[in-house]
Structure formats: C-alpha cells, structure tokens
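A short worksheet on the structure shown next.
Predicted model, so just to flag it, every value in this text is computed and none were measured. Any value given below was found using the heavy atoms of this structure, including those in side chains, with hydrogens, waters and symmetry copies removed.
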Amino acid sequence: MSLSGAIPILRIFDEARAREFYLDFLGFHLDWEHRFDRDFPLYLQISLDQCVLHLTEHHGDCCPGSAIRIPCDHLHHYCEQLNARNYAYAHPGIEKMPWGTSDMAITDPFGNRLVFTRNDEVS
C-alpha cells in the first residue's frame with residue numbers, strides 16, 4: 001500500500017470571491033470545475049506547484065472555518081509576491097513559531113485559514 005498527499009476540501013460561498021482570492025491573489029491555477037447542472041453549486045480543483053485544493057459550494061461536503069498547513073520552501077519570497085499584489089482584504093506577514101517553523105497565515109473570504117509554513121530547522 002502507498003499513500004500520497006491528502007487533498008483538502010474547503011467550503012466557499014461565492015464563486016467570484018473565491019476566484020479573486022485563490023486564483024488572482026494566491027496565484028493558484030484552475031485545474032477543473034464541475035456542476036451537476038447550470039444552476040447547481042460549484043466544485044473545483046485548483047493547484048499551485050505540488051499543492052492541490054478542492055473548493056466546494058456544496059453545503060454537505062465540509063464545514064466552513066477549516067485550517068490547513070501548506071509547506072512552502074520559499075516562504076519569504078511568496079509573502080513578498082502576495083503583498084505586491086495589493087489585495088484589499090489581506091496583507092500577510094510571517095511569524096516565527098516556537099516549534100521551529102515560520103508561518104504565514106491567511107484567512108480566505110469564507111473563514112478558512114491557510115497557513116503557509118517553512119521548517120526553519122531544515123537548511
């Protein structure tokens with residue numbers, strides 16, 4: 001048996017705000033999207049490098065307000081890129097944590113917390 005990385009599912013409530021945050025601000029790419037019918041809720045996959053996320057408008061898929069940790073090798077560079085985009089709803093910073101990581105926490109428009117993290121113990 002072999003396991004690979006988990007794919008978090010995050011609840012969203014507004015397609016336009018989700019695209020603005022995840023695609024325009026964070027820089028993820030749309031891989032695919034699905035609706036059972038034209039007026040049905042959206043389910044989509046986005047990715048950035050090796051990070052894959054699923055976003056869903058379906059109320060039964062997951063609860064809003066989740067938190068995920070995303071390893072990020074070039075955390076300071078990514079933070080600079082995000083702040084250069086002048087997104088009106090987030091101005092992320094990096095915090096050194098007592099357990100040996102540097103973390104950049106950003107909350108999406110739906111209350112989900114994404115913590116981009118770098119292990120400072122690894123060179």
Side-chain angles (χ1 to χ4, degrees):
M1 182 173 92
S2 176
L3 299 176
S4 58
I7 301 174
I9 303 171
L10 300 174
R11 183 80 156 86
I12 61 171
F13 301 102
D14 181 297
E15 180 181 344
R17 291 191 72 198
R19 289 179 190 275
E20 177 186 30
F21 179 79
Y22 285 97
L23 305 181
D24 299 339
F25 175 55
L26 293 183
F28 278 75
H29 304 282
L30 177 65
D31 296 331
W32 52 262
E33 58 184 74
H34 172 74
R35 293 178 197 274
F36 285 104
D37 204 349
R38 176 179 299 171
D39 295 324
F40 278 48
L42 176 66
Y43 190 96
L44 55 94
Q45 177 176 298
I46 59 173
S47 63
L48 180 60
D49 298 324
Q50 299 301 312
C51 180
V52 176
L53 302 176
H54 284 190
L55 306 178
T56 182
E57 289 181 320
H58 293 266
H59 74 273
D61 287 345
C62 56
C63 295
S66 298
I68 60 173
R69 295 181 63 80
I70 303 169
C72 182
D73 290 342
H74 302 286
L75 184 62
H76 288 82
H77 179 67
Y78 188 43
C79 183
E80 289 172 1
Q81 285 181 328
L82 294 180
N83 285 316
R85 293 183 181 140
N86 293 318
Y87 180 66
Y89 305 105
H91 187 77
I94 297 173
E95 182 179 357
K96 287 202 167 278
M97 307 308 291
W99 47 84
T101 63
S102 291
D103 290 359
M104 177 179 65
I106 306 171
T107 302
D108 78 3
F110 319 104
N112 299 302
R113 191 164 160 252
L114 292 83
V115 180
F116 296 89
T117 184
R118 180 182 175 274
N119 186 345
D120 292 335
E121 304 296 320
V122 178
S123 55

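- Leu48 and Leu82 fall within the same hydrophobic cluster, defined by Ile, Leu, Val, Met, Phe, Trp and Tyr side-chain heavy atoms under 4.5 Å apart, directly or through other members.
- Atom OG1 of Thr101 sits about 6.5 Å away from atom CG of Asp120, to the nearest 0.5 Å.
- In this structure, CD1 in Ile7 is found 4.5 Å from NE2 in His54, a value given to the nearest 0.5 Å.
- Annotation for Arg113: atom CZ does not count as buried by contact number, only 12 or fewer foreign heavy atoms lying within 6.0 Å.
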Quiz item: Taking it one step at a time, do Thr117 and Leu75 satisfy side-chain contact (heavy atoms from CB on, under 4.5 Å)?
Solution: CA-CA 7 Å; Thr117 184; Leu75 184 62; 5.9 Å; no

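- Listed by first and then second residue, the ring-ring contact (aromatic ring centres under 6.0 Å, His included) pairs involving residues 57-83 are Tyr78-Phe116 (not counting sequence neighbours).
- Under the 30°/60° scheme for interplanar angles, the aromatic rings of Phe21 and Phe25 are found to be tilted.
- Within 6.0 Å of OH on Tyr89 lie no more than 12 heavy atoms contributed by other residues, nucleotides or ligands.
- Connection of Phe110 to Val115 is not established within any shared hydrophobic cluster, with ILVMFWY side chains joined at heavy-atom distances below 4.5 Å, either directly or through further cluster members.
- Summarising the geometry, atom CG belonging to Asp73 is positioned 10.0 Å from atom CG belonging to Asn119; distances are rounded to the nearest 0.5 Å.
- Once rounded to the nearest 0.5 Å, the distance linking SG of Cys79 with CD1 of Ile106 reads 7.5 Å.
- At a threshold of 4.0 Å, the pair Asp103-Arg69 counts as salt-bridged, since one of the basic side-chain nitrogens sits closer than that to a carboxylate oxygen.
- Closest approach of Ala6 to Pro8, counting heavy atoms only: O-CD, 3.5 Å.
- Cluster membership for Ile9 and Leu55, using ILVMFWY side-chain heavy atoms within less than 4.5 angstrom, is not shared.
- The 12-atom threshold is not exceeded at CG of Asp39, counting heavy atoms of other residues, nucleotides or ligands nearer than 6.0 Å.
- Taken from CG in Leu30 to CG in Leu23, the straight-line distance is 6.0 Å, to the nearest 0.5 Å.
- Using a 4.5 Å cut-off on side-chain heavy atoms (C-beta onward), Leu53 and Leu114 make contact.
- Inter-residue side-chain proximity for Ile94 and Arg118 is flagged as unmet; no heavy-atom pair is nearer than 4.5 Å.
- The hydrophobic clustering, which links ILVMFWY residues whose side-chain heavy atoms are closer than 4.5 Å, places Met104 and Ile70 together.
- Here CZ of Arg19 is found 8.0 Å from CD1 of Ile12. Values are rounded to the nearest 0.5 Å.
- Between Trp32 and Tyr43, the ring-plane angle classifies as parallel under the 30° and 60° cut-offs.
- Put simply, the side chain of Asp14 gets close to the backbone of Ala16: a donor and an acceptor are under 3.5 Å apart.
- In this structure a side-chain-to-backbone donor-acceptor pair under 3.5 Å is missing from Asn112 to Pro64.
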Quiz prompt | Chi angles and distances behind the ring-ring contact (aromatic ring centres under 6.0 Å, His included) call for Phe36, His34 | solution = CA-CA 7 Å; Phe36 285 104; His34 172 74; 4.7 Å; yes

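- A donor-acceptor pair is defined here as one N or O able to donate and one able to accept, closer than 3.5 Å; such a pair exists between the side chain of Arg35 and the backbone of Phe40.
- Within the 4.5 Å cutoff, no side-chain heavy atoms of Leu10 are placed close to those of Cys62.
- A donor-acceptor pair under 3.5 Å is formed between the side chain of Arg11 and the backbone N or O of Glu57.
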